[in-house]
Amino acid sequence: MRRISAASLILLIIAVSSIYLPMAYRKLFIPDTEKTHLLFSPVTKKFVYREQLIGDIPEEVRSKADDHHSEIAYGDQDGNYYGRLDFERMLPFIYSKNMDMLGLLPIEIDSRSFDIEEIKRGRQVMEMTPEKLRKHSTRPSVWPLLETDSGQARLVLPDDVFRMTDDRMEFVNADSNQVDRELTEKFTRALLKEGFSFPARSVNSRVTVLKPFDDGVFIVDHDYDVFHVKRVKGEPFVRKTSIDRDIKTRYVLVSENLRKVYHGLLIGQDGRAWLLGFDDYETIPLPLEGYNPDEMDLKILTDPLYVTATWSDETTIHGLAMDRSYRPVASFDHTMSRAADTRAKKIYRALFPFSLDLGHRRRGNMEISFRLGDRTAVVGIVAALTALLTVGSSIRKRRPKPYEIILVALTGLYGLIAVFLVDPER
Amino acid sequence: MVRSIIYKERLKTWRGWSALMFLNMAVMAYIAAETHSMFVMDHPEIVWYRVMYLGSVHFGSLRSIPLLTGALLGAAQFLPEMRDERFRLSLHLPVELHKVVTAHVAFGLFALGAILLTDMGILAVLTASYFPLEAVIMSLWTAAPWCLAGFVAYLGTALALLEPKYHLKAALIAVAIALSELYMYRTAPGSYRTILPILVLLSALLVPGVLLPAYRFRFRRLS
């Protein structure tokens, strides 16, 4: 029992150390660096970016910095660096307010003139992040169905929420905390009449009243048909959309933008993405090569001339610019500065042969992952073994046991701490 | 013999356990009053929106209570045993050491479990009377890691009190604090459900782990 007890404590100390020591090191020596902002310039027809640099800052970047943030670089795909103002001038559709204040609007691009109102009318941003997907989301499976035509200037929360059960769309009243049978019956009947097949696979909506209008919810049924459901003057509005079943809709990012060109962004089971047209639910494919909705952030930025998609993991950002007919006109891949291999990162890899990473993406579910280091960790392991054989032997007044040597050889610093704290021979 | 140990533990911890149960019930009563006042101050749909979508936790006052309960119960059970090294008497009984220590720890875990399960039960009933079932499940997933931190605090206290050497005591306290802290991240409500099984497996290592300091305590050389 003594051995089992010692083994349990050793294992526990190794696990706890492999969470906290790398975490502490990262907090001290590897600061969090924000992701690069990649954009397409309608002026130069090139991708440009704003990036927080880590490591050595090029002299050109330092000289262009017009404030104390010399680590912020404004660059383009050809490796040129710019000052902040020049950078903003290349993006008049993004920094339109600054352009207007500087008297640079209206601006002429491609023989067309754009004033601030036209720029505003033509702009739309959609951001898709992994924690919005059901798999990563912490939100409960009930949704409010807002009144689309409330007759008021602002949207208000309804008195109820709904859930999708195996055979009905069930409304629960907030005042009584009881199922509203009449409303449940009314909406379930409307869904069945349109051909809805229970149980639902997903419910997609933007749960907030801080939006210009309400576009209802998109419910994916058991057969992967997508139904657009709204509450209009208290009555159900249910429309079976023309979205292809073969897409196997996984998620609909509802946009609710006053342009009313898209309902939003649609993600299929295989990770492909489509824009969802507003009037006829037309699906417009986006050729986002390598995009993985479970791991990557995606931004779709529409301006009066182009639709730009950027998607990124932790190290690389990809950009694709399309014209307003969704034909690709330019693309660019960029390894972000945050991926740079600094001295602190090299020491990290030497010190820690593996780590248990505990955390969460923004407000999503907690995640725990085991990350194995690389061969550099041999340095740390050799140092730990040396410490065990020299300092360890003299402090403990005995030679290390073979199992202690094996443990430290496998786990490095973590094992060294564990065998010092848990010494069953003592 | 094990039955006698449990009887002894019951007599020893009864007052402390009752005080801790009272503390927990007082906190739950406060949470009930707070939850009620939320619905008095605002329309129910606004409260639902805040709790289910904006991440507001209506029982936030409970957060550190299980942790405190676990640590205090561990102290109530093992501090008297370590005074004048009375625990040596139990360890000299004609029963194997691991059975004696395991009986003590099992009693403590059961006593703590009774308090924390009562908390969770009240929380479920309270939440169900104001919110839909989905919010009840989310609340339990939110409170579950706090309760598990309580078990870690109990085992950590037992571990530290049984360990005879002061520098190892300090190290084991650090390990227990680090482990319990893993359950206390301020994240979105219900977000621990994905990793709770792994954390429980990790924390379960403390149960056999408690035996090693007990062996050291029993078989150390006294100068």
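Convention: sequence-line order gives letters A, B, ...; per-chain numbering from 1.
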K.L.:
Identify which part of A:Val209 has an atom lying under 4.5 Å from any heavy atom of chain B, answering side chain, backbone, both or neither.
P.N.:
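Only the backbone of A:Val209 comes within 4.5 Å of chain B.
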K.L.:
Would you mind checking which part of A:Pro144 comes under 4.5 Å of any heavy atom in chain B, side chain (CB onward), backbone (N, CA, C, O), both or neither?
P.N.:
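For A:Pro144, backbone and side chain are both near chain B.
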K.L.:
Name the region of B:Ala204, side chain, backbone, both or neither, that has any atom closer than 4.5 Å to a heavy atom of chain A.
P.N.:
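Neither part.
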K.L.:
If the threshold is 4.0 Å, N to carboxylate O, is there a salt bridge linking A:Asp180 and A:Lys186?
P.N.:
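No salt bridge links A:Asp180 with A:Lys186.
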K.L.:
Please answer whether the main-chain N or O of A:Asp357 pairs with a side-chain N or O of A:Ser355 as donor and acceptor at a distance below 3.5 Å.
P.N.:
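Not at all, since once roles are kept as given, no pair shorter than 3.5 Å links the two residues.
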K.L.:
With chain A, which of B:Leu159, B:Val210, B:Thr187 has the greatest number of heavy-atom pairs at distances under 4.5 Å?
P.N.:
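Of the candidates given, the most pairs with chain A belong to B:Thr187.
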K.L.:
Pick one of side chain, backbone, both or neither for B:Ile137, based on which atoms fall under 4.5 Å of a heavy atom in chain A.
P.N.:
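Answer is neither: B:Ile137 stays 4.5 Å or more from chain A.
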K.L.:
Taking atom types as modelled, is there a side-chain donor on A:Ser141 or A:Arg134 under 3.5 Å from an acceptor on the other?
P.N.:
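Indeed, the side chains of A:Ser141 and A:Arg134 share at least one donor-acceptor pair under 3.5 Å.
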K.L.:
For A:Ile417, which atoms come within 4.5 Å of any heavy atom of chain B: side chain, backbone, both, or neither?
P.N.:
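Neither part.
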K.L.:
Top residue by heavy-atom pair count (under 4.5 Å) with chain A, among B:Leu202, B:Ile195, B:Ile198, B:Leu211?
P.N.:
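The option with the most such pairs is B:Ile195.
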K.L.:
Of the backbone (N, CA, C, O) and the side chain (C-beta and beyond), which part of A:Glu367 lies under 4.5 Å from a heavy atom of chain B, both, or neither?
P.N.:
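Interface part for A:Glu367: backbone (N, CA, C, O).
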K.L.:
Is chain B contacted by the side chain of A:Val16, its backbone, both, or neither, given a heavy-atom distance below 4.5 Å?
P.N.:
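Side chain only.
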K.L.:
Show your working on salt bridge (charged side-chain N to carboxylate O under 4.0 Å, His left out) between A:Glu170 and A:Arg168 and close with a plain yes or no.
P.N.:
CA-CA 6 Å; A:Glu170 189 173 83; A:Arg168 58 188 185 273; 2.7 Å; yes
K.L.:
Are any of the side-chain nitrogens in A:Arg231 or A:Glu147 under 4.0 Å away from the carboxylate oxygens of its partner?
P.N.:
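Here A:Arg231 does not pair with A:Glu147 in a salt bridge, since their nearest N and O are not under 4.0 Å apart.
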K.L.:
Identify which part of B:Leu182 has an atom lying under 4.5 Å from any heavy atom of chain A, answering side chain, backbone, both or neither.
P.N.:
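Contact with chain A: backbone and side chain both.
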K.L.:
A:His360 and A:Asn365: side-chain donor and acceptor closer than 3.5 Å?
P.N.:
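A:Asn365 and A:His360 do not have a side-chain donor-acceptor pair below 3.5 Å.
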K.L.:
With a 4.5 angstrom heavy-atom cut-off, is it the side chain or the backbone of A:Ser17 that approaches chain B, or both, or neither?
P.N.:
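Neither the backbone nor the side chain of A:Ser17 comes within 4.5 Å of chain B.
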K.L.:
Do B:Lys169 and B:Glu163 meet the salt-bridge criterion of a basic N to acidic O distance under 4.0 Å?
P.N.:
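A salt bridge is absent here (no side-chain N lies under 4.0 Å from a carboxylate O).
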K.L.:
For the backbone of B:Val152 and the side chain of B:Ser203, can you confirm whether one donor and one acceptor N or O come within less than 3.5 Å of each other?
P.N.:
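Looks like no, no N/O pair under 3.5 Å.
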K.L.:
So what's closer than 4.5 Å to chain A heavy atoms on B:Met138: side chain, backbone, both or neither?
P.N.:
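For B:Met138, the contact with chain A is made by the side chain alone.
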K.L.:
Of the listed residues (A:Leu358, A:Asn177, A:Leu9), which shares the most heavy-atom pairs with chain B below a 4.5 Å separation?
P.N.:
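Greatest number of close heavy-atom pairs with chain B: A:Asn177.
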K.L.:
Mind running salt bridge (charged side-chain N to carboxylate O under 4.0 Å, His left out) on B:Glu134 and A:Arg139 for me, showing each step along the way?
P.N.:
CA-CA 9 Å; B:Glu134 288 78 359; A:Arg139 284 187 167 178; over 6 Å; no
